[in-house]
Amino acid sequence: MNIIDIIENKKTGNELTKGEIEFFINGYNNGEITDYQAAALIMAICINGMTVDEISDLTIAMANSGEMLDLSDIASNTVDKHSTGGIGDKITLILMPIMASMGIPIVKMSGRGLGITGGTVDKLQSIPGYKTDIEIDEVKKNVKEIGIALISQSANLAPADKKIYALRDTIACVDSTPLIASSIMSKKIASGAQNIILDVTCGKGAFMETKSDAKTLSKVMKNIGKNAGRNVMCILTNMNEPVGYSVGNSLEVVEAVKALRGDMTEDVREIILTFGSYMLKMAGLGDDLEENEKKIVKEIESGKAYKKFVELVGKQGGDTSYIENLEKFEKAPIIVPVVSNKSGFVTDLSAELIGRASVDLGAGRLKKEDDIDPRVGIIVCKKTGDKVSKDEIMAYVHANDPKKADEAVLKVRNAYTILDKKVKKPSVILDVL
Ligand code: URA
């Protein structure tokens, strides 16, 4: 077997065998297959797609490329969560400490930013000292001691996905159903949780633009879960506009901490309560979703969820004084308001354009080795459905360079559609599958 034949096979639209998929994953993971060969095969998969069996084989091969976490000595009913990616999506930072504080042991492996979507790992790394790459023994120890670990993939869990994920980002192969499904599910399977809840984002700022594509992706991921003996549920969420009000790494950490202290936007609140109440149900901690929502609200109001986040940051080496005093986060040197040039109502705020503007400011990567600037990004003050007056501030650009700031102001203004007609605020939860 050799990689050139495998690339040729996929290029001509053939189905790859389990053996061929394992050969590729093992060879790429141990460095025998080069980046350019992997890029060619990934592009062929992106263009020609994969069958259900190929996707399952790819997922399992990636999950098996490193260690498999066994959480059975920690709890029998663990629940993990993952999002297919979005703009301003800081939900993990808020939801997981709440769930840990309510008694669900959490081991959550996240990724870095991908395409225009942000990554939880980049957000966590904007907290000075926070280590995302801790060893598996430490992950287990932390979960036993404080009930939560939020980590990256360097802990030798699904390392093949880590390599492929970074490669896809640089070769325009992000928005592919087989690649997204196998990437997410390999991480979730390797992390050991029995129950998995997936936030399948849908809209202009997501990899799946239409509800029907998001449903197809959900079906594929549920099927992989079934074959691997895991219980998977998917919730479709609206990603036409950014989640919450901040986009950019430390800006989102600040918003997440405020949310954990009880100060959150309506859309964030709806996502937290919906996902949280289903997670409690999956963990066997309450079948009544409405009751679960009330319990979550209480957990936040009591301050326990916020304390859990502070505990998590401290445990993973982060400087908790930043969380306790959010003013300590270094601000971008240039902060420019974006004002409206007319009066009316915001009928659309393009998550895609905001995501692009944020990557161009330096909050995401154009090449896989690019550094990100944790300080830069965008704060949106007006969202769909809001009234806006001429010269009123709609957003702020946080930049590290005057030219980039000027460009971002134009892009952010273009992201807004302002018309005379009033529109309703869009629903955030689109479907539960
Ligand atoms: N999140 C992942 O982990 N992988 C993807 O491919 C997309 C979102």
Side-chain angles (χ1 to χ4, degrees), residues 1-71 80 82 84 107 109 111 114 136 151-171 173-194 196 198 216-217 219-230 232 368:
M1 199 177 292
N2 73 70
I3 186 64
I4 299 170
D5 290 345
I6 297 174
I7 298 170
E8 181 68 34
N9 251 345
K10 196 74 235 168
K11 186 183 83 179
T12 44
N14 292 328
E15 182 170 352
L16 300 180
T17 63
K18 185 167 185 246
E20 286 174 317
I21 289 172
E22 284 171 354
F23 180 89
F24 162 58
I25 292 300
N26 296 337
Y28 187 43
N29 198 35
N30 66 26
E32 281 163 16
I33 292 173
T34 61
D35 270 343
Y36 53 81
Q37 289 168 322
L41 182 56
I42 295 292
M43 181 58 85
I45 291 173
C46 209
I47 293 170
N48 289 329
M50 278 186 141
T51 62
V52 170
D53 285 346
E54 284 177 297
I55 301 173
S56 265
D57 292 340
L58 179 62
T59 309
I60 300 303
M62 292 205 291
N64 281 332
S65 64
E67 287 179 57
M68 290 276 218
L69 206 51
D70 178 4
L71 298 177
D80 198 356
H82 207 86
T84 57
V107 177
M109 183 161 58
L114 189 62
I136 288 183
I151 57 170
S152 60
Q153 267 165 290
S154 17
N156 200 24
L157 294 170
D161 169 59
K162 188 178 179 212
K163 282 188 86 173
I164 294 173
Y165 187 92
L167 184 68
R168 281 166 57 207
D169 199 17
T170 60
I171 58 169
C173 285
V174 167
D175 53 349
S176 142
T177 298
L179 296 176
I180 296 174
S182 55
S183 164
I184 291 178
M185 291 306 292
S186 63
K187 282 194 280 281
K188 300 296 100 179
I189 291 168
S191 306
Q194 277 315 309
I196 300 162
L198 298 171
T216 304
L217 177 62
K219 259 194 216 146
V220 173
M221 293 193 290
K222 283 178 79 115
N223 185 56
I224 298 172
K226 195 166 150 218
N227 290 344
R230 311 294 168 101
V232 177
K368 70 178 179 179

(message) For a side chain to side chain contact (heavy atoms under 4.5 Å, CB included) check, start with the C-alpha distance between M1 and I6, then their side-chain angles and the critical distance, and finish with the verdict.
(response) CA-CA 8 Å; M1 199 177 292; I6 297 174; 4.1 Å; yes
(message) If we check side chain to side chain contact (heavy atoms under 4.5 Å, CB included) with I55, which of these qualifies: N223, I21, I224, I60?
(response) I224
Would you indicate whether the side-chain heavy atoms of [Y] and [X] approach each other to under 4.5 Å?
| X | Y | answer |
| --- | --- | --- |
| D169 | V174 | yes |
| I33 | L41 | no |
| M185 | V232 | yes |
| I47 | M43 | yes |

[atom1]/[X] to [atom2]/[Y] distance, rounded to the nearest 0.5 angstrom?
| X | Y | atom1 | atom2 | answer |
| --- | --- | --- | --- | --- |
| I3 | Y36 | CD1 | OH | 11.5 Å |
| I180 | Y165 | CD1 | OH | 9.5 Å |
| T51 | L58 | OG1 | CG | 10.5 Å |
| I45 | S182 | CD1 | OG | 7.5 Å |
| K10 | E54 | NZ | CD | 3.5 Å |
| L179 | I184 | CG | CD1 | 11.0 Å |

Could you pull out the closest heavy-atom pair between [X] and [Y], with the gap in Å?
| X | Y | result |
| --- | --- | --- |
| Y28 | L167 | OH-CD2, 3.6 Å |
| A160 | I25 | CB-CG2, 3.7 Å |
| S183 | M62 | N-CE, 3.7 Å |
| G229 | Q194 | O-OE1, 3.6 Å |
| Q37 | I7 | O-CD1, 3.6 Å |
| K187 | M109 | O-CE, 3.4 Å |

(message) Please enumerate all residues that pass salt bridge (Lys or Arg N to Asp or Glu O under 4.0 Å) together with E20, with sequence neighbours excluded.
(response) none
(message) Determine whether F24 and I164 satisfy the following criterion, side chain to side chain contact (heavy atoms under 4.5 Å, CB included), listing intermediate values before the conclusion.
(response) CA-CA 11 Å; F24 162 58; I164 294 173; 4.1 Å; yes
(request) Identify, with sequence neighbours excluded, every residue that meets side-chain contact (heavy atoms from CB on, under 4.5 Å) alongside E32. (result) N30
Using a 3.5 Å distance criterion without hydrogens, assess whether the side chain of [X] forms a donor-acceptor pair with backbone atoms of [Y].
| X | Y | result |
| --- | --- | --- |
| D70 | G192 | no |
| D80 | A193 | no |
| K226 | R230 | no |

